[in-house]
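Written out below as structure tokens is the structure these notes cover.
Bear in mind the structure is a predicted one, so any value in this text is a computation, not a measurement. Along the sequence shown, residues carry numbers from 1. Remember, it's 1-based here, ligands and their atoms both numbered in the order they're listed.
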Amino acid sequence: MLKKQKPTDLEAWHKLQQNSIYDKRTLKTRFYEDRERFNKYHIKWDGILFDFSKNHIGSETFALFQELLEEANVRSAIEQQQSGKKINVTEDRAVLHTALRNVSESPIYVDGEDVMPSVKDSWAQIATFSSEIRSGNWKGHTGKRIKDVVNIGIGGSDLGPRMVINALRPFITDEINFHFVANVDGADLHEVLKKVVTETTLFIIASKTFTTQETMQNANSAKEWFLKNGGEQESVAKHFVAVSTNAEGVAHFGIDPKNMFTFWDWVGGRYSVWSAIGLPVVIAIGFQGFQEFLSGAHEMDKHVANADWSRNIPAIMAVIGIWYRNFHNAPSHAILPYDQYLDRFAAYFQQGDMESNGKYVDRSGNRVNYPTGPIIWGEPGTNGQHAFYQLIHQGTDLIPADFIAAKKCQHKLRKHHPILLANFVAQTEALMTGKSRMEVEIEMRQAGINSEDIDKIAPYRVFEGNRPTNSIILDELNPYHLGQLIAAYEHKIFIQGYIWNIYSYDQWGVELGKVLAKAVLNELRGGPPHNHDSSTSALINYLKN
Ligand code: G6Q
């Protein structure tokens, strides 16, 4: 069982507190004082460069980071997770997305049973099915090959495959178009159905529980559309498959159990892209590509479990995050990929991080008295630079940011890449160095601006700088390195949640809204009114009329 320990009771926590108070040197000063700073604070490992030197840390802080990881017993927590202990206590489950990418031959036990044989069976089933679809052997009801795959799922059953397929666009087959429908707003499905025809479309109904309101409504509407547009009941099996843990629900919907891809209760929704939920990804990039994706993640799993803390990418990402959240009052954390293919990456980890660590109850059931998970947000660079970077540069909150890029690009427009990378590097430099009043004045004088105007305008043109960033550079954005990158963030989230003494793998906070939505729906459909507050009742009545 994960140790129950308040971070505020740890000695390293208190030392970090002190350190944050007395070591206020600016980033610029730190670089000026220590020419070896980059060498000390970066990790180059297996095709990833992780530069964390542009952070408010010195040698003492860095030593305390390691002390914190050690004192909090993070090593044992990682070991417990990866060996199948039931660390998701509030749901009484193991948390084994790492088993889904265990490409080694070692067994992993849950309740005394090795889960690896069933994981391997699932790989085999996915491999066979995806190659049937990719090769065109799988025929639709009029004998034509599948040209469109529509994934119907939401949250963890949507964001993962959607993000990964986006990220790996240069690797995906161009014989098939991929579509994602998540929102219960009919517009989402409607817009996709406009683009596809029944004969050549495969619907993947992805739902762990197979009870999720949005997914079931979308799946039923898709089936109705199929039956109204030339599809027949007997051909549903050729056009609808399911990814779920609920065999009964799948059969009830009318999907052939042969066409159900299963996974297990120890796979959390937001960590399920490695399971059969990744089926669209496998169809898109082929099973071999998917295995590379799994292998990258598996290497990261070994890295987090074994690397010394000072060389451990996810562990350092985690404590840097804690450093800003708890000791520098940073309410949010930006993820800024300088890679258009990663345009869904921040959205993906918005769920990954915020659903995992957005919690105020600790592992002993008490309310915490320190901040836990930050707000995660971000968009790809350079777009963000022309939009919200203003607030990162000159806003009143400190916003630590991860800058992510790939050294090699995956397209032929070669002239673009140096421009993209120049912006990537320049932004981290600008955020750190800023621009002083004196620099602004000199610049304005050189531009021929008079003293009066300089006095008036200069304050707005000053950048304080001293804004911290991590830079993460992949050799290239391919399945292997994407697997590593996602796994690094997953481990970061777990380590942070563990140190914050919260359970990262449940999500009770999303339940209440679901229950209330059912009650309200009943009322909107003419059912008896409940006793709501005046606003809720008025809104229901307004919408009813
Ligand atoms: C993820 C959450 C949540 C879940 C969706 C879909 O960790 O649990 O996002 O994935 O609510 O659930 P189903 O897969 O059961 O439809």
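- More than 12 heavy-atom neighbours from other residues, nucleotides or ligands sit within 6.0 angstrom of NZ on Lys85.
- The protein atom (non-hydrogen) at minimum distance from atom 10 (O) of ligand 1 is Gly156 N, 2.9 Å.
- The 12-atom threshold is not exceeded at NZ of Lys6, counting heavy atoms of other residues, nucleotides or ligands nearer than 6.0 Å.
- At a threshold of 4.0 Å, the pair Asp506-Arg93 does not count as salt-bridged, since none of the basic side-chain nitrogens sits closer than that to a carboxylate oxygen.
- Numbered from 1 in the order shown, with element, the atoms of ligand 1 that lie under 4.0 Å from a heavy atom of Ser157 read 10 (O), 13 (P), 14 (O).
- Protein heavy atom nearest atom 12 (O) of ligand 1, with residue, atom name and distance: Thr212 OG1, 3.5 Å.
- Ranked by closest heavy atom to atom 1 (C) of ligand 1, the top entry among Gln507, Lys514, Glu355 is Glu355.
- Against a heavy-atom cut-off of under 4.0 Å, Gln351 is close to the following atoms of ligand 1: 1 (C), 2 (C), 3 (C), 9 (O).
- With salt bridges taken as basic N to acidic carboxylate O contacts below 4.0 Å, one links Arg101 and Asp301.
- In this structure, Tyr489 has its ring center no closer than 6.0 Å to that of Tyr348.
- Residue Asn329 places its CG atom among 12 or fewer non-hydrogen atoms of other residues, nucleotides or ligands, all under 6.0 Å distant.
- In this structure, Glu214 has no heavy atom closer than 4.0 Å to ligand 1.
- Interface atoms of ligand 1 facing Ser207, defined by a heavy-atom separation under 4.0 Å, are 13 (P), 14 (O), 15 (O), 16 (O).
- Below 3.5 Å of separation, one finds no N or O of Gly155 facing any N or O of ligand 1.
- You'll find the ring centres of Trp274 and Phe293 inside the 6.0 Å limit.
- In terms of polar-atom proximity, Thr215 is not counted as a contact of ligand 1, lacking any N or O under 3.5 Å from an N or O of the ligand.
- At the top of the distance list for atom 15 (O) of ligand 1, counting protein heavy atoms only, stands Thr209 OG1, 2.6 Å.
- Aromatic rings of Tyr503 and Tyr505 (six-membered ring for Trp) have centroids beyond the 6.0 Å cut-off, not under it.
- For atom 6 (C) of ligand 1, the closest non-hydrogen atom on the protein side is Ile154 O, 3.2 Å.
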